[in-house]
Amino acid sequence: MATAEPRLDQTGQAPLLPDGNEAAAGHAPIAALFKGNGRVVHGAFSHSYEDGSELFQPFLADVFDDERYFHWLFGDKNFELRCSGTPGSGKTTLAALVASKLRDKFSGGRDAVASIFLQYDLRWNEVSFIEDFLVSVFHQLSAKHVCEAADGDGCRLYVEARRYTRAASVGLRAANRIKLIRQALETCVSALEHSFLIVDGIDRCNAAVSIFLEDEFARLRDKGLKVMTTSRIPCLREPLDTAYYDCDGPGCEDPRNCRICWACENCRTEDSFIVMCAACMKKGLLCENW
């Protein structure tokens, strides 16, 4: 006897099937939910960049030896790695090479790497772009995931992905669809052991989209996603100070010109503050007021 599909309400929520699990017994690939939905991906971006990035690897080798890249990749503090440079300086090639290296290094069943390469400046269709951006990231990060009937977290991911695809198929409001795919994306990242997102040309987004994406990146970083972006400008606003600082940590082995550092708020005054480098932070060599 066939079971009727549950209806969506105006928030896009749908009740679970009577057995408490929307995934069928056995295996339920998440990617299968997105096949044949008739949706055209936004033309402002692509998932890959094929232009001989491996050829230029020797010229970019220093990047992978840089302490900022190392701490972004392996450090306990999850921050957005933003690489800026003038047009033609190799930002897109670097993004493609980083994505390729990450996929080679983190190839387990609970590892995933997503990449987005912006093709031109975004001037309109912001809502459509945001939805397609989030769907693309989710699709890439969940590509390996197969829901087992006995896997509670996996089935939750399947349920949330299916709620989004149903909402899209019945034409639910874009704001509600975006809310659903954001929920599914957070669940996906939480279920992964290692997850990465590489976004090339983030400055091609207008101010409104940039603010939304930066907020989304912060939310996903809290779930464990490591984000790297490239841009023609250093950041969304001009930095107040671009100088490097010396570490003030007691017994610091390499105190000169810290590229990654933390300032002690308890010691801050109008004209000075105490700086701790990444190595001292890791060793617990902090100032007395930390």
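Numbers here are sequence positions counted from 1.
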Who passes side chain to side chain contact (heavy atoms under 4.5 Å, CB included) against A114, sequence neighbours left out?
V137, Q140, L141, L197
Which heavy atom of L185 sits nearest to which heavy atom of L134, and what is that distance?
CD2-CD2, 4.1 Å
So which pairs with a foot in residues 168-194 pass ring-ring contact (aromatic ring centres under 6.0 Å, His included), sequence neighbours left out?
F106-H194
Does any pair with a residue in residues 185-208 pass salt bridge (Lys or Arg N to Asp or Glu O under 4.0 Å), and if so which ones, sequence neighbours excluded?
D121-R204, E186-R219, D203-R232
Value for CZ (R177) from OG (S169), rounded to nearest 0.5 Å, stands at 10.0 Å
Does G201 offer a backbone N or O that forms a donor-acceptor pair with the side chain of T230 under 3.5 Å?
yes
Could you list the residues that satisfy side chain to side chain contact (heavy atoms under 4.5 Å, CB included) with N78, not counting sequence neighbours?
R221, K226
What pairs with D76 under salt bridge (charged side-chain N to carboxylate O under 4.0 Å, His left out), at least two apart in sequence or on another chain?
none
Rounded to the nearest 0.5 Å, the CG atom of L172 sits from the NZ atom of K179 at a distance of 11.0 Å
Partners of A278 by side chain to side chain contact (heavy atoms under 4.5 Å, CB included), sequence neighbours excluded?
H71, I260, W262
Just wondering, do R182 and I178 contact through their side chains at under 4.5 Å, heavy atoms?
yes
Between R82 and E214, is there a salt bridge with N-O shorter than 4.0 Å?
yes
Taking A96's backbone N and O only, do any of them form a donor-acceptor pair with S100's side chain (distance below 3.5 Å, no angle check)?
no
Looking only at heavy atoms, what is the nearest atom pair of C247 and C277, with distance?
SG-N, 3.3 Å
Whether T165 side chain and R162 backbone form a donor-acceptor pair below 3.5 Å:
yes
Under the side chain to side chain contact (heavy atoms under 4.5 Å, CB included) rule, collect the residues that match up with S89, sequence neighbours excluded.
T86, K91
Using the side chain to side chain contact (heavy atoms under 4.5 Å, CB included) rule, take V275 and D246 through it: C-alpha gap first, then chi angles, then the decisive distance, then the call.
CA-CA 7 Å; V275 170; D246 292 347; over 6 Å; no
Within the distance-only criterion (no hydrogens, no angle test), does the side chain of W72 pair as donor or acceptor with the backbone N or O of K77 below 3.5 angstrom?
no
Test ring pair (Phe, Tyr, Trp, His ring centres under 6.0 Å) applied to F70 - qualifying residues, sequence neighbours left out
F74
Would you compute the distance between atom CZ of F117 and atom CD of Q119 and round it to the nearest 0.5 angstrom?
9.0 Å
For a 4.5 angstrom cut-off between non-hydrogen side-chain atoms, does I116 reach S136?
yes
Can you tell me how far the CG atom of L73 sits from the CE atom of M228, to the nearest 0.5 Å?
11.0 Å
Looking only at heavy atoms, which two atoms of C205 and L122 are closest? And how far apart?
CA-CB, 4.2 Å
Using modelled atom types and a 3.5 Å cut-off, is there a donor and acceptor pairing between side-chain atoms of S210 and backbone atoms of N206?
yes
Nearest heavy-atom contact between A184 and F138 is O-CE1, 3.5 Å
Counterpart residues, side chain to side chain donor-acceptor pair (under 3.5 Å), relative to E160 (two or more places apart)
R156, T187
Taking salt bridge (charged side-chain N to carboxylate O under 4.0 Å, His left out) as the definition, give me every residue that meets it alongside D66, ordered by chain and number, with sequence neighbours left out.
R68, R259
To the nearest 0.5 angstrom, please state how far the OG1 atom of T229 sits from the CG atom of L213.
10.5 Å
Minimum heavy-atom separation for V63 to Y69, with atom names?
O-CB, 3.4 Å
How long is the straight-line distance from CG of D111 back to OG of S107, given to the nearest 0.5 Å?
7.0 Å
